[in-house]
Amino acid sequence: MAGEETFDLLVVGGGINGVGIARDAVGRGLSVLLCEQDDLAGHTSSCSTKLIHGGLRYLEYYEFNLVRKALQEREVLLRAAPHIIWPLRFVMPHDRSLRPAWMIRAGLFLYDHLGKRELLPSSSAVDLTRHPAGRPLRAESKVGFVYSDAWVDDARLVVLNAIDAAERGATILPRTRCVRAQRGSKVWEATLQPAVGGAPRTVRSKALVNAAGPWAVSLLRDTLAVPSGRSLRMAKGSHIVVRKLFDHDFAYILQNPDKRIIFAIPYEREFTLIGTTDVAYDADPAAAAISDDETRYLCEMASRYFTRVVTPTDVVWSYAGVRPLLEDESADLSAVTRDYVLEYDAGAERAPLLSVFGGKITTYRRLAEEAMDLLGRGLDRFRAPWTAGVALPGGDIAHANFEEFLSGLRLQRPALPDGLMRRYARAYGTRTQRLLGDAKTTADLGEHYGDGLYEAEVDYLTRNEWALTADDILWRRSKLGLHVGTPTVQRLTARLGSTAKKERIAEVRHAARA
């Protein structure tokens, strides 16, 4: 048809797996279009516990291959994005009634050695009566274990992959739904509908990737009209944020009587992030929200360990996301595998289709690499994998030394506030220079909307990172939503204009200052 565009690959889904595949594909020389029905990382990929980790608890379910793969990726990602990913030491207070010490020591030994570990220190036992991490804990926590994993700004990881894909030539279309896709013998013909006005767009692609996460099965059934024997179990994971429970940089992994674990993690300087739950869910993934029972559960489990009792009234913000897990025979939702499966469907009379089922944020790059090994051969466009040693945008920091990079940045612009420079450096890495331009003082950053949010940053995000609404800026491109007051939100919304939607920021309790 006249006016149709043709691509090698159409990726449906702008979560971490979709953008990872788009980035890998365009870097191998394919023409790529990615569409996402909402904002990038608008759902599951911005609602994680925000860890790059092997998954210590998965060892109890004998998921050795998954843990090894994730531990190997942990090292790769620490090098690729040291501004948004950094080491984090975890403390596990020992409760002898739940797991014996020998079992924990054996698990940590495996965790230290299953994957290549060059950047992080090994595990050890600690005396919590002397260790700084013991101070906020109840007196009965006397012995603990310390091990290493890493923290990630999950939504920014998605956006950085999308930026890299776009700069290499991919077309990225957030807020654009794939409403129909018809499969031919050589190509797919798809209709894409922008959410905010605009006429439908018809495109053709030689292959299609279904990376719709919780919507993967419904996309196959309702949009692509392709039968699949796969089924997913939806697990809702919810988190709460409270004012900080401790003043050190360690995180906690807390064992509980139901055999589950929760994390308590330093968050945004002033807060502690507590999660996650694991609840079966069968409603619309876009409508997922924490329940009162989940809030009480997280408060009670944290209160078993900390001297400060945590109650639902302490919660300043909460979020929930739906994880699409591969269906298996496990009665316990926590035991369902977090690994992924790539289902590749092609033939002489069928344009290739690849569907992604399951997965976790830590293994997204490996997943994308495996996906493109399959698709590249199917399209007769195979090129070697390339992403393992390539930094993400802003991550090209010398020797992956963030503090040294930040010191140099401060020396170049000494009149800008230290806190602001740290926040910019963490979010944008070496691309902070692009955001700042010639700015030497805050007066050079344009209008101040309040609470450290300046026009220069808003302009950068709308021009370079597909930010459209206040929610995009305050909760996904940053976590400023925890720090800003209502006047700042109002000024930002007015600045963004008539396209700004009524934000859910007004619907949740958060730490806004009056």
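We're numbering straight along the sequence, starting at 1. These numbers were taken from a predicted model, which means no experiment stands behind them.
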Exercise for the section: To the nearest 0.5 Å, tell me how far I84 CD1 sits from L160 CG. Expected result: 4.5 Å
Practice task
Among T223, N210, L219, find the residue that satisfies the side chain to side chain contact (heavy atoms under 4.5 Å, CB included) test when tested with V12.
Solution key: L219
Practice task
Test L33 against L192 for side chain to side chain contact (heavy atoms under 4.5 Å, CB included), laying out the working first.
Solution key: CA-CA 11 Å; L33 184 148; L192 310 181; 3.7 Å; yes
Fill in the blank from the handout: d(L245 CG, I265 CD1) to nearest 0.5 Å is 12.0 Å
Practice task
Determine whether more than 12 heavy atoms belonging to other residues, nucleotides or ligands lie under 6.0 Å from atom CZ of R180.
Solution key: yes
Problem - Side-chain touch R28/L379, heavy atoms, less than 4.5 angstrom - result: no
Handout entry: Salt-bridge contact D164-R168 (side-chain N to carboxylate O under 4.0 Å)
Key = yes
Exercise for the section: Check whether the side chains of D314 and T311 place a donor and an acceptor atom closer than 3.5 Å, and report yes or no. Expected result: yes
Practice task
Check whether any side-chain heavy atom of Y364 lies under 4.5 Å from a side-chain heavy atom of L77, and answer yes or no.
Solution key: yes
Practice task
Determine, for R431 against E167, whether the closest basic-nitrogen to carboxylate-oxygen distance falls under 4.0 angstrom.
Solution key: yes
Practice task
Can you establish whether the number of heavy atoms outside D249 located under 6.0 Å from its atom CG is more than 12?
Solution key: no
Practice task
Find the distance between CD1 (I361) and CG (D154) and round it off to the nearest 0.5 Å.
Solution key: 5.0 Å
Handout entry: Basic-acidic side-chain contact under 4.0 Å: R243, E270
Key = yes
Problem - Minimum heavy-atom distance between A302 and I262, given as atom pair plus value - result: N-CD1, 3.8 Å
Handout entry: Side-chain (D472) to main-chain (T469) donor-acceptor, under 3.5 angstrom
Key = yes
Exercise for the section: Mark yes or no for whether H83, through its side chain, and P393, through its backbone, hold a donor-acceptor pair below 3.5 Å. Expected result: yes
Problem - pair L342-L374: side-chain heavy atoms closer than 4.5 Å - result: yes
Handout entry: Side chain R156, main chain A427, donor-acceptor under 3.5 Å
Key = yes
Handout entry: Distance-minimising heavy-atom pair for V390 and A80
Key = O-CB, 4.0 Å
Exercise for the section: Would you indicate whether the side-chain heavy atoms of V458 and I473 approach each other to under 4.5 Å? Expected result: yes
Fill in the blank from the handout: Of F90, F306, F263, the one forming a ring pair (Phe, Tyr, Trp, His ring centres under 6.0 Å) with Y252 is F306
Exercise for the section: Determine yes or no for a side-chain-to-main-chain donor-acceptor pair under 3.5 angstrom, with W188 supplying the side chain and V203 the backbone. Expected result: no
Exercise for the section: Verify, without hydrogens or angle tests, whether Y319 (side chain) and S48 (backbone) share a donor-acceptor contact under 3.5 angstrom. Expected result: yes
Exercise for the section: State, with a plain yes or no, whether a side-chain heavy atom of F145 is found less than 4.5 Å away from one of S123. Expected result: no
Problem - Test log, rule side chain to side chain contact (heavy atoms under 4.5 Å, CB included), inputs L482 and W475 - result: CA-CA 8 Å; L482 281 166; W475 291 103; 3.9 Å; yes
Handout entry: CA sep, side-chain torsions, deciding dist, call: T202, E189, side chain to side chain contact (heavy atoms under 4.5 Å, CB included)
Key = CA-CA 7 Å; T202 300; E189 185 174 286; 3.9 Å; yes
Practice task
Would you check, one step at a time, whether the test side chain to side chain contact (heavy atoms under 4.5 Å, CB included) holds for R117 with L71?
Solution key: CA-CA 8 Å; R117 178 176 52 81; L71 289 173; over 6 Å; no
Handout entry: Within-4.5 Å side-chain heavy-atom neighbours: F271 and K479
Key = no
Exercise for the section: State plainly whether the residues R476 and E465 are in salt-bridge range, i.e. N to O under 4.0 Å. Expected result: no
Handout entry: Polar contact flag, side-chain donor to acceptor under 3.5 angstrom, N17-Y340
Key = no
Problem - Side chain to side chain, L34 and F7, heavy atoms closer than 4.5 Å - result: no
Exercise for the section: Assess the pair Y147 and Y111: is the distance between their ring centroids shorter than 6.0 Å? Expected result: yes
Practice task
State whether a side-chain donor-acceptor pair under 3.5 Å links T387 with R365.
Solution key: yes
Exercise for the section: Could you tell me whether D284 atom CG has more than 12 heavy atoms of other residues or ligands within 6.0 Å of it? Expected result: yes
Problem - R57 CZ to Q255 CD distance, which is reported to the nearest 0.5 Å - result: 13.0 Å
Exercise for the section: Heavy atoms only: give me the nearest L298-S238 pair and the separation to one decimal. Expected result: CD1-O, 3.6 Å
Problem - Residues E73 and R366 bridged, charged N to O under 4.0 Å - result: yes
Practice task
Please answer whether the main-chain N or O of D293 pairs with a side-chain N or O of T295 as donor and acceptor at a distance below 3.5 Å.
Solution key: no
Problem - V310 backbone acceptor or donor facing S303 side chain under 3.5 Å - result: yes
Handout entry: Straight-line distance of R175 CZ to L40 CG, nearest 0.5 Å
Key = 8.5 Å
Problem - M301 to P257 - nearest heavy-atom pair and separation - result: SD-CD, 4.3 Å
Handout entry: Charged N-O contact under 4.0 Å between D339 and K69
Key = yes
Handout entry: Check ion pair R201-E5 (N to O, under 4.0 angstrom)
Key = yes
Problem - Test item: W386 and D24 side chains (from C-beta on) under 4.5 Å apart, heavy atoms - result: yes
Problem - Any donor-acceptor N or O pair under 3.5 Å, side chains Y297, D258 - result: yes
Exercise for the section: Without swapping roles, check the side chain of E75 against the backbone of L119 for a donor-acceptor pair under 3.5 Å. Expected result: yes
Practice task
Look only at the side chain of D8 and the backbone of S31, and say whether a donor-acceptor pair between them is shorter than 3.5 Å.
Solution key: yes
Exercise for the section: Nearest 0.5 Å please: distance from the CD1 atom of I240 over to the OG1 atom of T272. Expected result: 10.0 Å
Practice task
Answer yes or no: is there an ion pair linking D153 with K50, defined by an N-O contact shorter than 4.0 Å?
Solution key: no
Fill in the blank from the handout: Shortest non-hydrogen pair, R477 vs D39, comes out as NH1-OD2, 2.8 Å
Practice task
Indicate whether any N or O donor in one side chain lies under 3.5 Å from an N or O acceptor in the other, for T362 and H53.
Solution key: no
Practice task
Could you pull out the closest heavy-atom pair between G15 and S45, with the gap in Å?
Solution key: CA-OG, 3.6 Å
Problem - Side-chain donor or acceptor of R260 paired with backbone N/O of T276 under 3.5 Å - result: yes
Practice task
Answer yes when K259 and E60 have at least one side-chain N-carboxylate O distance shorter than 4.0 Å, and no when they do not.
Solution key: no
